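The structure appears right after this line, and notes come after that.
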Number of protein chains: 2
Amino acid sequence: MRTAVNTHFPAHQGSAAQRIENELRRSIITLELPPGSRLSEHDIAERHGVSRQPVREALIGLARTRLVEIQPQRGTIVVKISVRKMMEARFVREAIETAVVRRACSSFDRQSRQRIDDLLEMQAHAARRDDHAAFQRYDELFHVALAEGAGCPLAWEAIQDIKAHMDRVCQLTLPGPEAMLPLVDQHRAIVTAIDACDENAAAEAMLRHLTEILRALPRVEAEHPELFTA
Amino acid sequence: MRTAVNTHFPAHQGSAAQRIENELRRSIITLELPPGSRLSEHDIAERHGVSRQPVREALIGLARTRLVEIQPQRGTIVVKISVRKMMEARFVREAIETAVVRRACSSFDRQSRQRIDDLLEMQAHAARRDDHAAFQRYDELFHVALAEGAGCPLAWEAIQDIKAHMDRVCQLTLPGPEAMLPLVDQHRAIVTAIDACDENAAAEAMLRHLTEILRALPRVEAEHPELFTA
DNA sequence: CAGTGGATACTACCATACAAGTGTCGGCCA
DNA sequence: TGGCCGACACTTGTATGGTAGTATCCACTG
């Protein structure tokens, strides 16, 4: 089975629309396309060598997760980061993932459990190499494995949509192994609690992990005010 | 502010694509389009008097919430109801909404609080008239008001996507005022607990409310096996 | 000189036409 | 008669042209 990052359109894996949506999503999250950027169907189509139609569909997909805002007959722009929405997204994610790890304490798929060890290993390696992209990918896979292992893959689908509001902030806070390595430790703490079948400890560990982002938020907002909404 | 049912495409409120998506979603949830139905872009376009393009965009939107499955170069079908996915969706929803009502106990917007009283009144009226459509609409608005009042409208957005897996089952269980009226009482119990600022009681009430659907599930599955996946 | 009205250059939106892939049905062959 | 092979009908995917709406800029007016 191929490991597909975006599982929303299992049927559209190879379509131009899906390719472009993934590409644009990546560019937005990595801030290559900074908030406020104007996106033109025409330009993007030319740049990717396709027609405007698939580009349009890609933009609609991004609009659904609120990464871009389509203003009819006016234009499409990359939305600015909203601290308020990020806080809300974090709150919802905390609600889902603490419930997931609690469930994981009752029963956890053995295959997923094995996979998690591998993922943690690779993530730590990525952190030491200061490879943000790989780190974030493994982070995502870790949480996916958690949801799947707990028997609730749908939980991750739900998270994926709201996570978009947090990803760009994470992108700003990650640089430097000293920021990434502690996150791996937090992951380990979660797994340890699950192995011990200690619901409260697992939920507590997840809560600490998801609260981490709040620490650096004021700093990054002060450093890059132009990326945030007023 | 206009009360928009679907807030995913604020920019597309009047667009043909959005109109058709809403219409199709309604038809699927009300089981007018039963699971397994084949949907043809061509036919739908003709029936609505538009071209294939907006229909296509509508179908992509529905595919994102897994209401339909697009099989490239083959066709698009209404997905069957999956008990497994419904259980997962219920679990995730429970996680989110119990967290929301807990938060609501700390602080709750006064305007939303007033609105909830009106909604409960109207919902009870709809129940007595045996008006499923109105009942379900008010039910949705109740949960929206809860999320907004708690200061987390994003929570409802997240729920909307996964709720699709539950709505059709609800559609099957609702008929008859004797099924609907208890649900209104459960809503009242939630509000009462929030007014008393009793977190645990509120979460407990919400949990009972969201567990209700499990009671009737075996019956409807036995009565309509053709609607469910094997 | 400030303010207003209109032509213009964009935009997203929709319609139409074409391309590419898939399942089916019927004829052909062994 | 059973199995294989090819044409056809149907699907979604993509390309292109035209339409309607909005913002901008500039000439014109008070």
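A note on names: the letters A, B, ... follow the listed sequences, proteins ahead of strands, and every chain is numbered from 1. Keep in mind that the numbers below use all heavy atoms, side chains included, and drop hydrogens, waters and symmetry copies. As the structure is a prediction and not an experimental result, all values here were calculated from the model.
- Spacing between atom CD1 of A/Ile60 and atom P of C/dA12 amounts to 11 Å, rounded to whole angstrom units.
- For A/Arg113, the salt bridge (charged side-chain N to carboxylate O under 4.0 Å, His left out) partners two or more places apart in sequence, or in a different chain, are A/Asp117, A/Asp195.
- Between B/Ala179 and B/Leu174, the shortest heavy-atom distance links the atoms CB-O, 3.3 Å.
- Rounded to a whole Å, the CD atom of B/Glu57 is 13 Å from the C1' atom of D/dT14.
- Heavy-atom distances under 4.0 Å link DNA chain C to no residue of residues 35-46 of chain B.
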What pairs of donor and acceptor atoms, side-chain ones from residues 212-227 of chain B against any protein atom, are under 3.5 angstrom apart with sequence neighbours left out?
{"from": "B/Glu212", "atom 1": "OE1", "to": "B/Gln186", "atom 2": "NE2", "distance (Å)": "3.1"}
{"from": "B/Glu212", "atom 1": "OE2", "to": "B/Arg215", "atom 2": "NH1", "distance (Å)": "2.9"}

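- For the helix from C/dC1-D/dG30 to C/dA30-D/dT1, the axis fitted to the five pairs at one end and the axis fitted to the five pairs at the other end meet at an angle of 10° (nearest 10 degrees).
- Computed from coordinates, the B/Arg56 CZ to C/dA17 C1' distance equals 15 Å when rounded to whole Å.
- The ring-ring contact (aromatic ring centres under 6.0 Å, His included) check on A/Phe108 picks up nothing, with sequence neighbours excluded.
- For A/Asp43, the side chain to side chain donor-acceptor pair (under 3.5 Å) test picks out no residue, with sequence neighbours left out.
- B/Glu41 meets the salt bridge (charged side-chain N to carboxylate O under 4.0 Å, His left out) test with B/Arg52, B/Arg56; sequence neighbours excluded.
- Legend: residues meeting salt bridge (charged side-chain N to carboxylate O under 4.0 Å, His left out) with B/Asp167, ordered by chain and number and at least two apart, are B/Lys163.
- Computed from coordinates, the A/Ile77 CD1 to C/dT11 C1' distance equals 13 Å when rounded to whole Å.
- Residues satisfying the side chain to side chain donor-acceptor pair (under 3.5 Å) criterion with A/Arg90, sequence neighbours excluded, are A/Glu94.
- In this structure A/Glu97 satisfies the side chain to side chain donor-acceptor pair (under 3.5 Å) test together with A/Arg93, A/His143, sequence neighbours excluded.
- Atom CD in B/Glu21 sits roughly 16 Å away from atom C1' in C/dC13 (whole-Å rounding).
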Identify each atom pair where a protein N or O and an N or O of nucleotides 15-22 of chain D are less than 3.5 Å apart, giving names and distance.
{"from": "D/dA15", "atom 1": "OP2", "to": "A/Ser51", "atom 2": "N", "distance (Å)": "2.6"}
{"from": "D/dA15", "atom 1": "OP2", "to": "A/Ser51", "atom 2": "OG", "distance (Å)": "3.0"}
{"from": "D/dT16", "atom 1": "O4", "to": "A/Gln53", "atom 2": "OE1", "distance (Å)": "3.3"}
{"from": "D/dG17", "atom 1": "O6", "to": "A/Arg52", "atom 2": "NH2", "distance (Å)": "2.6"}
{"from": "D/dG18", "atom 1": "O6", "to": "A/Arg52", "atom 2": "NH2", "distance (Å)": "3.3"}

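- Contact annotation: B/Thr76 does not reach the phosphate of D/dT11 (side-chain N/O to OP1 or OP2, under 4.0 Å).
- The residues B/Glu23 and B/Arg19 are annotated as not salt-bridged, no charged nitrogen and carboxylate oxygen being separated by less than 4.0 angstrom.
- Applying the side chain to side chain donor-acceptor pair (under 3.5 Å) rule to A/Arg110 yields no partners; only residues at least two apart in sequence or on another chain are considered.
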